[in-house]
**Student:** 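Please see the structure below; I have some questions.
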Amino acid sequence: MSQSIQITLPDGSKREHPKAGTGLDLAMSIGKGLAKSAVAIKVDGEIQSLQVPLEEDAAVEIVTRNTPEGLEVIRHSAAHVMADAFKRIRPDCKLWKGPPVDDPRYGFYYDIDFGEKPIGKTDLPEVEKLMAEIIAADHPFEYEELPRDEAIELMRSHGEDYKLDTIDKIPAGETISFFRSGDFVDLCKGPHVPRTGKIGKGTAVLGIAGAYMGDDANNRMLTRVYGHAFSDRKAMEGHRKFLEEAAKRDHRRLGKDLDLFSTMGELGGGLVLWHPKGGFVRHKVEEYWRNEHLKNGYDIVYSPHVARGDLWSTSGHLDFYADSMFTGLDVDGVDYHLKPMNCPFHILMYKNKRRSYRDLPFRWAELGTVYRYESPGTLHGLLRVRGFTQDDAHLFLRPDQLDAEVERCLKFVLHVLRAFDFTEFHLMLSTRPEKYVGEIADWEKSEVALEQALKTLNLEYTVDPGGGAFYGPKIDVNIKDSLGRFWQCSTVQVDFTQPDRFDLSYIDRDGGRTRPVMIHRALLGSLERFFGVLIEHFAGAFPVWLAPVQAVLLAVGERHGERCEEAAKELRERGFRVQADTSAEKIGQKIRQHLWQEKVPMICVVGDQEIESAGFSVRHRKDGDLGSLSLDQLADLLDRLTQERR
RNA sequence: GCUGCUGUAGCUCAGGGGUAGAGCACUUCCUUGGUAAGGAAGAGGUCAUGGGUUCAAAUCCCAUCAGCAGCUCCA
């Protein structure tokens with residue numbers, strides 16, 4: 001006697017479904033096309049495998065392959081198949097975990113212990129091929145629940161020691177489930193696609209690296225193999241293009257090719273040499289930064305690179321931050337340390353004289369070069385270095401000014417970032433961490449101030465509970481680049497602690513002493529990191545306002561050289577960055593070199609025609625042929641593009 | 001710091017127990033050419049560093065340094 005249950009579909013319609021029939025049966029009964037693209041099912045909002053029987057009345061939704069959730073299921077199943085493939089080439093490897101991940105580059109990974117004989121990059125193509133075979137074989141993914149003792153027995157018989165630990169951690173009473181496909185079986189909650197064939201042809205094995213078991217540095221290190229899976233082969237090819245494009249934009253690559261900067265072993269890890277062209281871009285960034293700060297109520301200050309130990313004790317850095325500091329300079333028998341932050345200096349400036357409530361707020365900004373010890377393995381091009389210049393500012397406020405200043409700060413941050421062609425942001429509010437200093441009431445007040453500013457400015461944000469700094473909550477701004485990748489640059493942090501530690505005060509309206517509040521604020525983050533992000537964002541092709549060379553005048557033949565040199569000189573005198581190429585190369589070669597290899601925004605050809613018409617044939621790297629322009633017109637164009645920051 | 005990989009010319013890389021190779025870039029010469037690579041010649045390397053094995057090491061082994069992919073970390 002078969003019973004039936006009642007299923008409610010997303011459109012509100014209801015239908016009878018045999019009890020213990022699977023989600024796949026349901027999809028089939030709705031439509032063949034739907035069944036074909038179905039990869040999972042949501043039952044009362046919870047995603048699960050199609051092959052799990054439906055036992056009770058429920059609201060369900062079929063999850064199809066081209067949705068974010070559908071892709072997650074496909075990726076999870078692909079990870080499973082990858083583990084199957086590794087088991088075939090290395091039967092004694094031990095599996096740990098293989099989840100789907102949300103990363104622009106990878107869709108899933110599997111952590112595997114290969115014991116004494118690690119696998120290498122060269123093994124990956126074989127694994128990819130085996131995966132394709134397993135997928136083509138279209139094994140059903142069979143869902144299976146086992147009692148604890150049988151589950152343990154099963155994993156023990158497969159030699160999966162790590163899975164035994166996992167079973168151990170599953171609370172009593174919770175189901176222990178497995179998925180089988182062919183001869184392969186894995187402890188897994190799922191969900192998985194109904195058959196390996198459903199994974200499709202959009203899979204790839206992409207990389208290999210070490211990873212601590214459970215991402216915990218106390219544990220042993222396993223091999224993490226990264227892969228990706230898409231709904232079809234074409235989407236995977238698109239992803240490979242994205243990876244190629246990202247590699248082309250790699251700021252370390254472009255830094256070399258365009259002669260922007262270098263970081264060499266001889267110098268010391270994590271230290272940067274800014275070459276003339278990179279230095280010029282930095283100069284323009286700094287120039288803009290200074291002008292905007294002066295226009296927006298900031299004062300510019302400077303502080304030294306070192307200070308005596310006492311200062312860093314008072315600030316708490318030696319307690320909280322010593323591991324990241326370069327310490328132990330001996331000056332006349334007194335300990336000095338390199339500065340890892342600028343705040344204590346600005347605080348000393350504040351303390352330098354008595355302050356009145358009428359003076360506040362102070363907004364003090366500095367391009368301050370700091371040094372922090374970063375572990376060797378974490379250094380990365382310009383993005384993670386040991387010596388860098390923060391575009392730092394510290395605001396000293398009366399408590400009643402906090403809300404308005406936070407809002408003002410955020411507005412300013414976005415204004416400046418937009419000038420650099422960033423239009424999309426992701427903001428994150430980080431609240432009190434477990435290890436914190438100060439009063440809870442102050443924390444709450446600051447968190448409210450930050451959140452209120454986000455709301456007033458109508459900005460979307462997410463909350464990272466416990467992600468704040470030890471001295472206060474913060475808002476981080478991530479910027480989205482032209483490839484859709486996010487980079488963390490700006491940060492706005494409220495601080496009640498430092499004013500306390502340094503016993504800061506101002507004379508209030510009543511003649512008493514009141515403690516000011518501080519805001520720490522970095523806007524570009526560090527000039528090094530921001531430059532790295534800019535390079536990747538523009539793929540090395542800086543807009544006219546930032547480009548170290550804005551235009552190159554190209555002589556068609558030898559007799560045009562003089563005109564080129566003269567015009568270039570004239571334009572340089574008018575403040576433009578213009579060079580002349582009078583070499584004996586052909587015009588095609590010169591265009592290739594300047595426009596495409598050196599990524600100069602525009603070139604101007606000078607030949608017989610141009611000399612006759614007193615013009616220049618101008619070609620913009622992005623906008624193409626701009627026709628013939630006079631020298632004045634060319635200067636106007638450069639001016640306009642500079643004004644428009646293009 | 002951890003796991004794995006890598007280090008050869010300015011750059012990209014090939015080679016590999018017997019005195020070092022290519023392409024691009026560079027220098028010189030020829031070519032005066034009209035919108036993404038004209039031709040020729042030349043110069044350029046302590047094969048990361050230190051030690052070991054060997055008749056012989058750039059090549060094999062060990063260590064160190066640096067870089068790469070991640071993981072941990074990132075006030």
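Residue numbers begin at 1 in each chain, while the letters A, B, ... track the order of the sequences.
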**Student:** Return the residues of residues 97-105 of chain A meeting this criterion: a heavy atom under 4.0 Å from some atom of RNA chain B. Order them by number, or give none.
**Tutor:**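 Within this stretch, A/R105 sit under 4.0 Å of the strand.
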**Student:** Rounding to an integer number of angstrom, what distance separates B/C61 and B/G42 when you compare their C1' atoms?
**Tutor:**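 That atom pair is separated by 40 Å.
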**Student:** Identify, with sequence neighbours excluded, every residue that meets side chain to side chain donor-acceptor pair (under 3.5 Å) alongside A/Y436.
**Tutor:**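 A/Y436: no side chain to side chain donor-acceptor pair (under 3.5 Å) contacts found.
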**Student:** Closer than 4.0 angstrom, basic N to acidic O: yes or no for A/D215 and A/R224?
**Tutor:**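 Salt bridge: yes.
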**Student:** Give every pair of a protein N or O atom and an N or O atom of nucleotides 64-68 of chain B that lie under 3.5 Å apart, one pair per line with the distance.
**Tutor:**
from, atom 1, to, atom 2, distance (Å)
B/C68, OP1, A/R252, NH1, 3.0

**Student:** Looking only at non-hydrogen atoms, find the nearest pair between A/Y336 and A/V306 and report the distance.
**Tutor:**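 In terms of heavy atoms, the two residues are closest at CD2-CG2, 4.3 Å.
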**Student:** Counting the atoms with a prime plus P, OP1 and OP2 as sugar-phosphate, which does A/Y106 contact under 4.0 Å by heavy atoms, base, sugar-phosphate, or nothing?
**Tutor:**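 Sugar-phosphate contact only.
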**Student:** Using the C1' atom as the point on both nucleotides, what is the distance between B/U46 and B/U31, in whole Å?
**Tutor:**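 So the two C1' atoms sit 40 Å from each other.
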**Student:** Please report the distance separating the P of B/A25 from the corresponding atom of B/U64, rounded so that it comes out in whole Å.
**Tutor:**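 Per the computed distance, 41 Å lies between those P atoms.
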**Student:** Please work out whether the ring planes of A/H394 and A/H346 are parallel, tilted or perpendicular, with thresholds of 30° and 60°.
**Tutor:**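 Because their plane-to-plane angle is over 60°, the rings of A/H394 and A/H346 count as perpendicular.
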**Student:** Nearest-Å distance, NE2 (A/H317) to P (B/C74)?
**Tutor:**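 The distance from NE2 of A/H317 to P of B/C74 comes to 15 Å, rounded to the nearest Å.
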**Student:** Starting at the 5' end of nucleotides 27-36 of chain B, put B wherever the base has a protein heavy atom under 4.0 Å, S where only the sugar-phosphate does, and a dash everywhere else.
**Tutor:** ----BBBBBB
**Student:** RNA chain B: A/Q593 or A/F388, which has the more 5' nearest nucleotide?
**Tutor:**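 The residue mapped nearer the 5' terminus is A/Q593.
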**Student:** Under 30°, 30 to 60°, or over 60°: which ring-plane class applies to A/Y471 and A/H520, parallel, tilted or perpendicular?
**Tutor:**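 The rings of A/Y471 and A/H520 lie parallel, inter-plane angle below 30°.
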**Student:** Tell me, which pairs form a salt bridge (Lys or Arg N to Asp or Glu O under 4.0 Å) where one or both residues lie in residues 462-475 of chain A, sequence neighbours left out?
**Tutor:**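 Passing the test, one end in residues 462-475 of chain A: A/K474-A/D476.
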**Student:** What integer distance in Å separates A/D215:CG from B/C73:P?
**Tutor:**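 Interatomic distance, CG of A/D215 to P of B/C73: 8 Å.
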**Student:** Where do A/M213 and A/Y162 come nearest, in terms of heavy atoms and distance?
**Tutor:**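 Closest approach of A/M213 to A/Y162: CE-CE2, 3.3 Å.
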**Student:** What does A/F320 touch in the nucleic acid at a heavy-atom separation under 4.0 angstrom: a base, only the sugar-phosphate, or nothing?
**Tutor:**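 Touches nothing.
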**Student:** Quickly work out the A/E598 CD to B/A37 P distance and round it to whole Å.
**Tutor:**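 The distance from CD of A/E598 to P of B/A37 comes to 16 Å, rounded to the nearest Å.
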**Student:** Sort and list the pairs that fulfil salt bridge (Lys or Arg N to Asp or Glu O under 4.0 Å) and have at least one residue in residues 305-317 of chain A, not counting sequence neighbours.
**Tutor:**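 For residues 305-317 of chain A: A/R308-A/D310.
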**Student:** Have a look at A/A209 and say if it touches a base, only the backbone sugar-phosphate, or nothing, with a 4.0 Å heavy-atom cut-off.
**Tutor:**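 The answer is base, as A/A209 lies within the cut-off (heavy atoms under 4.0 Å) of a base atom.
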**Student:** Where does the angle between the aromatic ring planes of A/H251 and A/H380 fall among parallel (under 30°), tilted (30 to 60°) and perpendicular (over 60°)?
**Tutor:**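 Tilted.
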**Student:** If the condition is salt bridge (charged side-chain N to carboxylate O under 4.0 Å, His left out), which residues does A/R249 pass it with, not counting sequence neighbours?
**Tutor:**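 A/R249 satisfies salt bridge (charged side-chain N to carboxylate O under 4.0 Å, His left out) with A/E245 only.
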**Student:** For A/D102, check side chain to side chain donor-acceptor pair (under 3.5 Å) against everything at least two apart and list the hits.
**Tutor:**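 A/D102 satisfies side chain to side chain donor-acceptor pair (under 3.5 Å) with no other residue.
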**Student:** Please give, in whole Å, the distance from B/C74 C1' to A/E528 CD?
**Tutor:**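 So the CD-C1' distance, A/E528 to B/C74, works out to 16 Å.
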**Student:** Touch check for A/R220, heavy atoms < 4.0 angstrom, all strands: base, sugar-phosphate only, or nothing?
**Tutor:**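 Nothing: the residue A/R220, judged by heavy atoms under 4.0 Å, touches no strand.
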**Student:** Could you tell me how far apart A/I112 (CD1) and B/C71 (P) are, to the nearest whole angstrom?
**Tutor:**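 To the nearest whole Å, that distance equals 16 Å.
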**Student:** How are the rings of A/Y321 and A/H317 set relative to one another: parallel (under 30°), tilted (30 to 60°) or perpendicular (over 60°)?
**Tutor:**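 Rings of A/Y321 and A/H317: perpendicular, as their planes differ by over 60°.
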**Student:** Give the dot-bracket line for RNA chain B from 5' end to 3' end: parentheses for intra-strand Watson-Crick or G-U pairs under 3.5 Å, square brackets for crossings, | for inter-strand pairing, dots for unpaired.
**Tutor:** (((((((..((((....[..)))).(((((.......))))).....(((((..]....))))))))))))....
**Student:** Whole-Å distance between B/A37 P and A/H594 NE2?
**Tutor:**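 One finds 14 Å between P of B/A37 and NE2 of A/H594, rounded.
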**Student:** In whole Å, what separates the P atom of B/C60 from that of B/G70?
**Tutor:**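 Per the computed distance, 28 Å lies between those P atoms.
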**Student:** Below 3.5 Å, does any donor atom in the side chain of A/Y373 face an acceptor in the base of B/G1, or the other way round?
**Tutor:**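 Counting by modelled atom types and ignoring angles, no donor-acceptor contact under 3.5 Å is found here.
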**Student:** How many Å lie between CG on A/N218 and P on B/C71, as a whole number?
**Tutor:**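 Rounding to the nearest Å, CG of A/N218 and P of B/C71 are 17 Å apart.
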**Student:** What pairs with A/F326 under ring pair (Phe, Tyr, Trp, His ring centres under 6.0 Å), at least two apart in sequence or on another chain?
**Tutor:**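 A/F326 satisfies ring pair (Phe, Tyr, Trp, His ring centres under 6.0 Å) with no residue once adjacent residues are dropped.
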**Student:** Let me know, please, whether A/S324 or A/G377 comes out on the 5' side of the other along RNA chain B by nearest nucleotide.
**Tutor:**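 That would be A/G377.
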**Student:** Test of understanding: with salt bridge (charged side-chain N to carboxylate O under 4.0 Å, His left out), list the residues that count as partners of A/D335, not counting sequence neighbours.
**Tutor:**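 Expected list: none.
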**Student:** Can you check the A/M221 CE to B/G1 P distance for me, whole Å?
**Tutor:**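 Nearest whole value for this atom pair: 13 Å.
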**Student:** Work out which heavy atom in A/A204 is nearest to a heavy atom in A/M236; give both atom names and the distance.
**Tutor:**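 Here A/A204 and A/M236 meet closest at CB-CE, 3.5 Å.
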**Student:** Taking all heavy atoms of A/P548 and all of A/F542, pick out the closest pair and write down the distance.
**Tutor:**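 Nearest pair, atom of A/P548 first, then A/F542: CD-CD1, 4.3 Å.
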**Student:** In whole Å, what separates the P atom of B/A20 from that of B/G34?
**Tutor:**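 One P to the other, the span is 45 Å.
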**Student:** Check the interface with nucleotides 4-13 of chain B: list each N/O to N/O pair with the protein under 3.5 Å, or write none.
**Tutor:**
from, atom 1, to, atom 2, distance (Å)
B/U12, OP1, A/R253, NH1, 3.2

**Student:** Could you walk me through whether A/Q493 and A/T491 pass side-chain hydrogen bond (donor to acceptor under 3.5 Å, both in side chains), step by step?
**Tutor:** CA-CA 6 Å; A/Q493 314 184 347; A/T491 183; 3.1 Å; yes
**Student:** Any base atoms under 4.0 Å from A/S375, or only sugar-phosphate, or nothing? Heavy atoms, all strands.
**Tutor:**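 Base contact - A/S375 has a heavy atom under 4.0 Å of at least one base atom.
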**Student:** Classify the nucleic acid contact of A/Y226 as base, sugar-phosphate or nothing, counting any heavy atom under 4.0 Å across all strands shown.
**Tutor:**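 Sugar-phosphate contact only.
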**Student:** Could you give the distance separating B/U6 and B/A48 at their C1' atoms, to the nearest angstrom?
**Tutor:**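 It works out to 11 Å between them.
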